[in-house]
J.: 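Handing you this structure, nothing more for now.
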Amino acid sequence: MKKYQKNQYVELCPSDLCGNGNAVARDDEGFVFFVVDGVPGDKVRAKIIKVTKSYAVAIIDSFAEKSPMRRDDGCKYSPKCGGCVFQSITYDDECAYKRRMIDDNLERIAGLDIRVSEFYPFASTEGYRNKAVYPTAESLDGRMITGFYHRNSHRICEHEECLIGNEKFTKVRDFVVDFCNSNGISAYNEEQHTGLLRHIYIRSAADGTFVLSLIVNGDKFFSTETELKFVGSLLSEFPECVSVLLNINKEKGNSVTGKKWRKLFGDGYLYDTLLGKEFRIAPASFYQVNRNQAQLLYSKAGELADIREGDTVLDLYCGTGTIGICLAKEGCKLYGVEIEPDAVTDARYNAKTNNIDGEFICLDAGEALNSERIKELSPDVIILDPPRKGCGSEAVERISSFGAKRIVYISCDCATLARDLKQFTELGYTTEKVIGVDMFPRTGHVETVALLCR
């Protein structure tokens, strides 16, 4: 087998993609190269930046030929910023790859013959995110700067705009930074654990209102007088801001938020609607970043769940209750399980607001499945929307023991979904249908919905 070295130049023709946006190429002996920002169909001269026994990583030096899949009108910050990974290819090709990725994991990991029966792209690849978290840093000349992190680092990539983000967010972010620079408020230094403002966190609703949270390495936003001055100036510029919060995070490390929140203005909540239902969302609670596509996702999940009057529904990993409440029908009983206390409080409020007969329990899903309160249930339908790591073996076994007629599994990682589907199959469930929903255009993520029946 050929021997390769760092800084060596090679001629490559990528033939496939990875979920991180890199292209995959192979030499004539099958050795694998991951080509950063490469596109299948490119013919490139590339420089090797890393070599292992089983693969190498290379960056493009020059093009002999560009792929028909390649687009050069994407985000100008994409090669540096770590947010989007598919700005270099057409959206049709991105969706084709994501659908193929789901199918591949169903076959390779789950060992299933079933394939994605429906795949739903989003109507637009721009402006869909209703959430942004901007880290801060100090520039060489002492100014506060912000942006997003460079790929695989904690160095900030400054940018004037984010194509997938809410256009308003950049204006709000710039307002905060200008205020800090004008009032002597310092940016946080992660290495030295100094400076005050760590992150600027913004969430918006469909009606244009938004909540702003300032994450600080201290107890105040400089001083009480400064807080009052900031809120007054912000509301004068952005009257659609409904709440301003301070999050206290004095811990070392890179966790974004701390446990303590303090209101500077408003009641601290974002209010939004999904499928005609009204929801209150605390800043620490999970909420889908693409509201419009979330409505489609929940509609498809509802079709698969086929909840009927009199059904008992168990919604695990329920967050603020959005999925269960959107899917619940009159006369059914909804039980939700969620580990985040603020989200459980929101879920109870949201169920009452929408006249849903719901009971919500604040426990880790694994603990809840072993609790006497949950064990005594006989759910007809179980809804699963776990974090990226999936449910895991123990939870799958316990979920299966309920004997529910239908399980609707919503996943943001089709690899861990496929792993769990394999175990559900071994425990007597059949995967009847799989749907793909692209919630996150230009990123490497995709939502998958699976219906399991027994």
J.: Would you say that more than 12 heavy atoms from the other residues, nucleotides or ligands in this model lie under 6.0 Å from the NZ of Lys80, or not?
T.: no
J.: Under the side-chain contact (heavy atoms from CB on, under 4.5 Å) rule, what do Thr136 and Ile145 come out as? Steps first, then yes or no, please.
T.: CA-CA 6 Å; Thr136 71; Ile145 60 171; over 6 Å; no
J.: If you take the centroid of each ring, where Trp contributes its six-membered ring, are Tyr97 and Phe86 closer together than 6.0 Å?
T.: yes
J.: Check this for me: Glu29, atom CD, are more than 12 non-hydrogen atoms of other residues, nucleotides or ligands nearer than 6.0 Å?
T.: yes
J.: Is it true that Glu11 and Lys43 have a side-chain N and a carboxylate O under 4.0 angstrom from each other?
T.: no
J.: Does Arg115 pair with Glu107 as a salt bridge, N-O distance under 4.0 Å?
T.: yes
J.: Take Glu432 and Arg406 through the test salt bridge (charged side-chain N to carboxylate O under 4.0 Å, His left out) and record every step on the way to the result.
T.: CA-CA 10 Å; Glu432 297 284 352; Arg406 295 178 301 283; over 6 Å; no
J.: Answer with yes or no whether the side chains of Lys131 and Tyr201 bring together a donor and an acceptor at under 3.5 Å.
T.: no
J.: Are there over 12 heavy-atom neighbours, none belonging to Glu240, within less than 6.0 Å of that residue's CD?
T.: yes
J.: Can a donor-acceptor pair be found between the side chains of Asp141 and Ser139 at a distance below 3.5 Å?
T.: yes
J.: One thing to verify: whether Asp272 and Arg203 come together as a salt bridge, which I'm taking to mean a side-chain N less than 4.0 angstrom from a carboxylate O.
T.: no
J.: Please check if any side-chain donor atom of Gln423 sits under 3.5 Å from a side-chain acceptor atom of Ser393, or the reverse.
T.: yes
J.: Please confirm whether His193 and Tyr188 have ring centers closer than 6.0 angstrom.
T.: yes
J.: Look at Arg151 together with Asp37 and state whether they make a salt bridge at an N to O cut-off of under 4.0 Å.
T.: yes
J.: Taking NZ, NE, NH1 and NH2 as the nitrogens, is one of them in Arg70 or Asp42 under 4.0 Å from a carboxylate oxygen of the other?
T.: yes
J.: Are a donor atom and an acceptor atom from the side chains of Ser411 and Asp413 found within less than 3.5 Å of each other?
T.: no
J.: For Glu340, is the CD atom crowded, meaning more than 12 foreign heavy atoms sit under 6.0 Å from it?
T.: yes
J.: Determine whether Ile200 and Val177 satisfy the following criterion, side-chain contact (heavy atoms from CB on, under 4.5 Å), listing intermediate values before the conclusion.
T.: CA-CA 9 Å; Ile200 302 164; Val177 171; 4.1 Å; yes
J.: Would you indicate whether Glu167, at its atom CD, is surrounded by more than 12 heavy atoms from other residues, nucleotides or ligands within a distance under 6.0 Å?
T.: no
J.: Does the ring centre of Tyr4 sit less than 6.0 Å away from the ring centre of Phe31?
T.: yes
J.: Taking it one step at a time, do Ser400 and Arg454 satisfy side-chain contact (heavy atoms from CB on, under 4.5 Å)?
T.: CA-CA 10 Å; Ser400 297; Arg454 177 183 277 180; 4.0 Å; yes
J.: Indicate whether any N or O donor in one side chain lies under 3.5 Å from an N or O acceptor in the other, for Ser401 and Arg398.
T.: yes
J.: Are Ser285 and Asp346 linked by a side-chain donor-acceptor pair shorter than 3.5 Å?
T.: yes
J.: Any donor-acceptor pair under 3.5 Å linking the side-chain atoms of Tyr287 with those of Thr320?
T.: no
J.: Take Lys98 and Glu94 through the test salt bridge (charged side-chain N to carboxylate O under 4.0 Å, His left out) and record every step on the way to the result.
T.: CA-CA 6 Å; Lys98 289 178 174 179; Glu94 176 187 335; 2.8 Å; yes
J.: Distance under 6.0 Å and angle within 45° of the ring axis: does Arg280 meet both against Tyr271?
T.: no
J.: Among side-chain atoms of Tyr128 and Glu126, is any donor-acceptor pair under 3.5 angstrom?
T.: no
J.: Around atom NZ of Lys53, are there more than 12 heavy atoms of other residues, nucleotides or ligands at under 6.0 Å?
T.: no
J.: Centres of the Tyr134 and Phe148 rings: under 6.0 Å?
T.: yes
